[in-house]
Structures are given as structure tokens and as C-alpha cells.
Amino acid sequence: MRGDLPRREPETLARWQQEDLYARIREQARGRPSWVFHDGPPYANGAIHLGHAVNKVLKDAVVKSRLLAGFDAPFVPGWDCHGLPIELVVEKKFGKVGSMLDGGVLDAAQFRARCREYAEAQIDLQRADFKRLGVVADWDNPYRTMDLAYEADMLRALATIIERGHLARGVKPVHWCFDCGSALAEAEIEYQDKQSPAIDVAYPARQPGSLAAAFGVAVPDDAEVAVPIWTTTPWTLPASLAVSVGPDLEYVLVEGPRTRDGRRRLLVLAEALATQALQRYGVEDLVVHGSAQGVALEGQRLQHPFYDTYDYDREIPILLGDHVSAEDGTGAVHTAPGHGQDDFVVGQRYGLVDAVTAGELNPVDGRGVYLPSTPAAGGVALAGMHIWKANDAIVEVLRGNGSLLAHAVITHAYPHCWRHRTPVAFRATPQWFIAMEQAQLRRDALAAVRDVRWIPEWGEARIAGMVEGRPDWCISRQRTWGVPIALFYDRQSGEPHPDTPALMRQVADMVAREGVEAWHALDPATLLGADAPRYEKVTDILDVWFDSGVTHACVLARRPQDGLHKPADLYLEGSDQHRGWFQSSLLTGVAMDGVAPYKQCLTHGFTVDAQGRKMSKSLGNGIEPQDIIKTLGADILRLWILSTDYRNEMSLSQEILKRTADAYRRIRNTARFLLGNLNGFDPSRHLVAPADMVALDQWIVHRAHGLQQRIAAAYERYDFAEIVQALSNFCSVDLGALYLDVTKDRLYTMPEDSAGRRSAQSAMYMVAEAMVRWIAPILGFTADEMWRYLPPAPGQAQRGGNVLFSTWYDGLQPLADDAPLSAEDFERLLALRDDVAKVLEPMRANGEIGAALDAEIALRCGVADQNRLAPIVDELRFLLISGDVEVVADDAATDIAVLATPTTKPKCVRCWQRRADVGSDPEHPEICARCVGNIDGAGVGETRRWF
């Protein structure tokens, strides 16, 4: 009854492997309309966790439901293989490139080989777990981003993107992880709480009178006029090159705190922020001397708060920046183009970026340490100091020279590396980008978003907002394990070689044969000839989001023989992939083809415990899929996944698993009852057409027909939870509490080949044929088992093949217009059955009767109900599972009144009915006349029409 799933499911898997099930499914589906799901690649590192299981089971259910709907729906799985996590594992085991290994030096090629070996081992482990979940896919031929052909196709994809004008190179600020030693993409950033110093710093005017005059105010010669800025990154002040104000913001010149030497100090503050800023400075009264719009302040010159000495005096211009707001701070923003995207845009517009040295633009190296060329701050040497340590040192310098107006420590959301969980910093470094504005990529991507169906619908607004506000995509990484950006750039201009797309395709052909080592070993002269000295060979590798983002080009477009094409009909991943794979695929798809590579995108939520907490080892609330499978079986895990509203967070606990196992047993036992009562039933000889069935059998086929339509529609919209609920209700209510209970009399007491029994078996056969298909995408192992026990279909000698070779069962029919009882008739009869149960329950409770069969029922009703009940009254006892039923005329009655009395009639030991004719045949003293007729072999058993 429980299924013994942990033991039996592996046996089924072994048989599927032996039968080459996936290949047979593909053969059976040949010639059907195509429907392509594309598998987003999990990362090849570590055992699968519950999130992996949720993701893969959802995908498996989608593909199987499309097969049953009559489509050719392939499932080609994949893995993401390059990137830092694998590098870190290999570094830990073998050391970094250049380390001593086995008496020699670990070079980059050997390091990459170790990375490849590790990824292959991880894929094998994960593949075994995915198979154990019952996921049916082309496991023998997955795509892997480290395959030579895939790596070559990545370069061909990049060549096309370059050809269409989307590549840019420049010194731009990018998220930089000091632990990775590399730039990060937007998708590799997580925001976590971080404590930071929040400081207000005064930038004094070089010409106080000129700045005050912009407000229509004259000031004494000894007064200081300053522009305060507010920042949570004091470490960026050595790179401060300007102060930006909002061109349309209203600013006021107010009385501020005295300077350290007692002089009067006037401050420029955004009007909306003046009061709260002065409160931070200890000034209670707001004294306004004048006001001006930000645009009037453009071009004024300020002093840097600590680079103002004879040795190094940095002038700070006031610039206009649309990014400046009056939401918080002071309304003025210190501008370090080397450490912020908005700052960089402003700096470019005003020519600051090109006017300073690389060290002034970005004085921080890849480890987070100030460069040796970084000037000291107020006598404090910054060169060689880490920026996080420098925060406190710089605050003390500002405090010492009187520039510090306020200092606090705040907790705020700050970007962190998704791998190391450590804070990152913006650093301006030479990088390669897919530019969002070049060749209208942002515009075209936003247009493509509108052409996609997003499930849930809010996904459209989410990804559109991300694309609209995202910076250029930095696709270069300064690491070892990945696909090289195989291009050459001019040493003087920095521009790529004019023949880059063609050259890159030549390199791709080499990579397809020899792997990426072909690029690393390549002498530029081989391709460039005499021009080689003019060009630099790029050593950066591609961002791994580019790896997976071009699967549409490297997999969908490359494997038509496997039923794939682009655009795919569906991408399905966790909701975090709006900023990850969905977006990288969108941008590369639009950059290459002008359209999105998918028609639909479906997202699911993440797993949490019963209290809504994220599962983690530290909390001890994690549940591993492997443990669930070992104790309960994969089908129980699948049922939980597919019965949960995956659009939101998905709660799991041991109690939830227990309830899921109970729900599974209800479905399983319904299937067992159906199959058990089909013993000896041969559809080729015994199948009764619905029109010739007993009325109750016609009704259950009708109910199954309606349910199948509902289930097929729910599969179409990926609403698996509705399917599980509807199926469970059908098993518990329509079948368990009614149909199967009522038909036991016909199944167990009537002759084997009687019309009434064959009618019930026919209905059960049809329901079972439909049900095995309904559950196949959800309970893959149970459906397989059920399929093998079903009688062969009409015209077949034996049950063969697999349920996934079939489509939705077409043998179900709704009730015909001329059916003996309509659907409305059955609704009334079932309501009557409930009314009878309400009358009998108190009698059973107080001991008047032991079971419903011990009671005789009188139905007092009016003329209309008398007419409706008259044809079926002799069989109503079977529907009500009670003693004799009579209709009592009461022409004045508007409803049916139920009267019940204990029967005095003897009980037939065979059918358990209370009948007056029990013992009427001397040869059978303990059974009723109906049972005598059913067993005497003379064929005088009753014919049932209604129930």
C-alpha cells in the first residue's frame, strides 16, 4: 500500500536505462508538432540540494505534460562548467597557477586540466541524483559549457555580437571582488547588510565670494563658504575629482558651525535637506542667506578636503549630475569617476576621466590596496593600506583638519560577492563590455521583453526595470578557468583589430579541434602576420554568465537533430534568474538575432522551512533531497514539489512530508483498487461502450472527462498544484467516497461476465487509462508501475511501451443528451445521499443501527420528486448503500424528507444486504434470492440499469 518506493524506484530506473527510455520517447514523438523546453545549466560543483530538485522536477513535469499533449518535446540537460568556484576548489587542492606540484610548477594549462577533471566528476554526481528524481532526459548527451564544440561556438557567438556593433572596451568602474581578484557582473552581486561610516565632509570654496555671489550674498573676507558632501565610503575620497549637484534642485546658503579656528562658515545645502543636515552638525537654527538652483553653481571651484597642500593641491569643480537627488545626504555628491557608475558618466561628460592619470582615477589595486603612487592624506601614508582599514584613518584625518562635519555608523544594504559573501568595490579598470546603448541594444531588449510571456506576470515589469537601469555588461574576467576573449586590440588606440569577427571565427575553429589552449599557445603572427607587433593579445576570459547566456546559440541552434530550435518555447528557473540567466540570454539573443531566445519565461520561488526561514546548515533546518528519497521515495518528493504553489516561497518540514506521503497513499490506493478490479477484464472482449453502461458508470466517465479537460488545461498553464488538488479530490470524493463504494456490490456479487459487472469494469478501465496519464508528469515511478498493470488496450495482445509514449486518453465521454440520468439528476441524487447520511449517522452513534445497510429508508416527497425517483427506486438502496428504499407520496411536500427505521430483515452473508428472502432457497439458507441467482450458474442474476 505504501509502495516501498525507496527500494522499487531504483529497479525502475535500471529498467529505463536498459530500455533506453529517452531514445524510445524521442522515436515515438517523431513527426509531432515541436515544443522546445531549454534547460538552464546548473553549476557543476557540489551535490544537488533541495532547490536543484525543485527546479529539475518542475522542468520534468512540464516536458512530460507536453509529450502527453501530443508534442515532440525533447529534454536536453546541461551544465555550467567554467568559473571561480571550481577554480577555488582546485586551488585549495593543488595550489594556484605557479605553485609547485609533483616536483614541477603548476602552469595555467595544467590548472585548467585539473578544473576540467573536477567539473566532469561533479557532473557525474549530479547527473546520478537528477536521474534518481525520475527526471527523464538525454542524460547521455547533455551540453556542457566546457565541451570543445561549445567553447568554439561561444567565440562564434561573440564574433556575431561584435559584428553587430555591441562590443566596447574602456576603463570603466565595475564591481570588483578582492577575493576573486576579478570584475563581477551584475548577476554576481548580492546585497547584504553592512556597517559603514557615514560622514559629512566640507569642501571649502576656492573663491568664497564667487560661490556666495551665486546666491546673491556677499560674505566677509575671512568667512569660509563650503559645500558639504555625505558619503558611506570614505576610502573613495583619495579618488574624489569633483562634487556634483542636481541641476534642477533648489539649494540654500545657510549659517553653519564655526570652523576649527573660529571663523564663520556658510554651507551650501539642498533646501529639502538643510534642516536635517544642520542637526547632524549640531546647528539648531536654520538661517538662510540666499537660494539658487543647482545649475547656477556649475563651474565653481572647491578644495579637496585633504589634498590641499603645496606638495599636492587638487582642485575640485562643481559639476551637474542628473543622478543627484534630495532624498538623503546634503544634495551634493562627492564624485570619484573611478569608483562609481554615475560618477563615471558625469566625469566622462566633463572630460575628467581623460584629464587625470590612471592612479588618480583609481588608486586601488586588485587586492583592495592603495597603489604606491597614492598621495598621503594629511601626513597619513595611504600607499599599501587596504581600503577597508583606510576608512577609519581617513575619518581621523578629516577630524584633525576640521573638514569632518558629522560622523556616524550606519547599517545599510551593500553589494557583496555572491561567492565569497564579502563586500565588493567599484574600480575603474580596463574591461570589455557589451554596451547597452551601442546599436540600440537596450531599446531592442526592452522591446523583446514585451514579446515574451512572463509567468508569473510580474516577471515582465521586474526584468524590464532591470534592463532599463542596468549598466554596460562587463564580460571580461581576470581569471584562468574559462573561455578566452580571443581578440587582439591596438596597443595605441585600444580598439579591436578591424577584422576581429573573422579572426575570432578562425580561433573558434582551432578551439573546436584543440580546446582553449590553442588560443593561449597562439603566436599572434600566425593570424596577424607582419601587423602582430602593433596588437596586444587579450588574456581575459569571458564572464560565465556569457557562457550560459549563449546556450541558445551553442545548443538550441546547434542540435536540430535532437529536436531543438530557437526560440525555445520555455525557459524555467528560479526567480533570481531575472537578473541572471534570463537576462544574459535576452541580451545575447537580441544582440545576435534581434529577438529574445525564448517565448515564455517561468520562475519559481525558493525553499524555506515551516516558519518561512531560509534553509541553512547553521540553522539546522535544511532537508536534503537525497534523505527524502532514501526514506520516502522520489515520488513523494515530486508530489510535494508539484502540489506546492511554486510561484512563492515553498515551505517544507517533516510534518509537511508526512502529509504529502498520506496524500500519495490516497492516490496510490485508488489506483490499486481500480487495477485490482480489472483482473480478468479484457478490453478487446469486455469493454462496454459508455452509452450501454449502467447510469452510475456513465456518470463517473463523464466526471473523469471533465476532470481530464481541467487537468490538461492546468498543465498547459503550468498549474501543477491545481492538478494535484483536483486529482486528490477526485480520488477521495468522486471515487473513494462514492463510486468505488457503490460499485463494490456489482463487482463482488454479480457473475463475472454479467453486464452490470462488465459495465463497472469498463468505467474503471477508462478512468485508470486516463488517470495513469494524469499522474505521469507528477508521479513518474508510480505511473510507470500502474501502466504495466493495466490490461492491454483494445486490439493489443499485451500492455507494452510506456505511458510517455501515449497522449491524453481519448476514450472518455461526457454524458449524452439522451443519457438515462443527466448530470443535474446526479447532483440531486448525491445531495439526497448526503441527506440520508445525516439521518443515519445519529442512529449509528446511539446504537440503533450498526451500518447503513441496517436501516430502511422512506422518502416523503412531492409529485415532481416522485416522478423523478419512481424509475430508480428499486435500485436506490445500492446508491445509498442502505436497506430497502420506498417513496412515500406527499403531494404538498416541496422537499424530500428522509425517514429511517432499523430493519428487521435478515442479513445475507454474501452481499450483506438485509432482505426478506434470505433463506428462501433451502440449498442456500444464509443468502438472499439475488445472490442465489448470481451464483447458481443459470444466468438468472439481475440486470442493473441505474446503480
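This chain uses plain numbering: 1 for the first residue, then up along the sequence. Atoms considered below: every heavy atom in the structure, side chains included; atoms not considered: hydrogens, waters and symmetry mates.
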Output a table of donor-acceptor pairs, distance under 3.5 Å, between side-chain atoms of residues 206-219 and any protein atom two or more places apart or on a different chain; print 'none' if there are none.
unit_1, atom_1, unit_2, atom_2, d
Arg206, NH1, Asp313, OD2, 3.4
Arg206, NH2, Asp313, OD1, 2.6
Arg206, NH2, Asp313, OD2, 3.4
Arg206, NH2, Arg314, O, 3.4
Ser210, OG, Gln300, OE1, 3.1
Ser210, OG, Gln300, NE2, 3.2

Expected list for residues 456-469: side-chain donor-acceptor pairs under 3.5 angstrom, two or more places apart:
unit_1, atom_1, unit_2, atom_2, d
Arg462, NH1, Ser575, O, 2.5
Arg462, NH1, His578, ND1, 3.0

Enumerate donor-acceptor pairs with a distance under 3.5 Å from any side-chain N or O in residues 174-184 to protein atoms, sequence neighbours excluded.
unit_1, atom_1, unit_2, atom_2, d
Trp176, NE1, Gly366, O, 2.9
Asp179, OD2, Thr422, OG1, 2.7
Ser182, OG, Gln478, N, 3.2

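A donor-acceptor distance shorter than 3.5 angstrom exists from the side chain of His416 to the backbone of Tyr414, with no hydrogens or angles considered. Put simply, the side chain of Asn621 gets close to the backbone of Lys614: a donor and an acceptor are under 3.5 Å apart. Remark: the backbone N or O of Asp222 is paired with a side-chain donor or acceptor of Arg263 at under 3.5 angstrom. Put simply, the side chain of Tyr350 gets close to the backbone of Leu320: a donor and an acceptor are under 3.5 Å apart. In this structure, Asp285 contributes its side chain and Val287 its backbone to no donor-acceptor pair below 3.5 Å. Judged purely by atom type and a 3.5 angstrom limit, Asp444 has no side-chain atom pairing as donor or acceptor with the backbone of Val590.
In this structure, Thr335 OG1 and Leu352 CG are separated by 8.5 Å, a value rounded to the nearest 0.5 Å. Atom CD of residue Gln276 and atom OH of residue Tyr281 lie 9.5 Å apart, to the nearest 0.5 angstrom. Taking CD1 of Ile387 as the start and OG1 of Thr233 as the end, the distance is 9.0 Å to the nearest 0.5 Å. Once rounded to the nearest 0.5 Å, the distance linking CZ of Arg479 with OG1 of Thr539 reads 13.0 Å. To the nearest 0.5 Å, atoms CG (Leu167) and CD1 (Ile434) are separated by 7.5 Å. With values rounded to the nearest 0.5 angstrom, Ile475 atom CD1 is found 7.0 Å from Ile161 atom CD1.
For His304 and Ser240, the side-chain atoms include no donor-acceptor pair closer than 3.5 Å.
In this structure, the side-chain contact (heavy atoms from CB on, under 4.5 Å) partners of Arg367, at least two apart in sequence or on a different chain, are Asp365, Val369. Checked against side-chain hydrogen bond (donor to acceptor under 3.5 Å, both in side chains), Glu250 has no partners two or more places apart in sequence or in another chain.
The shortest side-chain heavy-atom distance between Ile199 and Leu237 falls under the 4.5 Å cut-off. For the pair Gln583/Trp545, no side-chain contact is recorded, criterion being any heavy-atom separation below 4.5 Å from C-beta on. Annotation: side chain of Val171 is not in contact with side chain of Val353 (no heavy-atom distance under 4.5 Å).
A salt bridge links Arg264 with Glu255; the closest basic N to acidic carboxylate O contact falls under 4.0 Å.
Ring geometry, His334 versus Tyr203: the interplanar angle falls under 30°, so the pair is classed parallel (tilted spans 30 to 60°). Taking the six-membered ring where the residue is Trp, Trp454 and Phe582 present perpendicular rings, their angle passing 60° and hence far from 30°.
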Given Glu188 and Arg477, is the salt bridge (Lys or Arg N to Asp or Glu O under 4.0 Å) satisfied, shown in steps?
CA-CA 12 Å; Glu188 296 171 306; Arg477 295 292 182 273; 2.8 Å; yes
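Annotation: side chain to side chain donor-acceptor pair (under 3.5 Å) contacts involving residues 319-328, sequence neighbours excluded, are absent.
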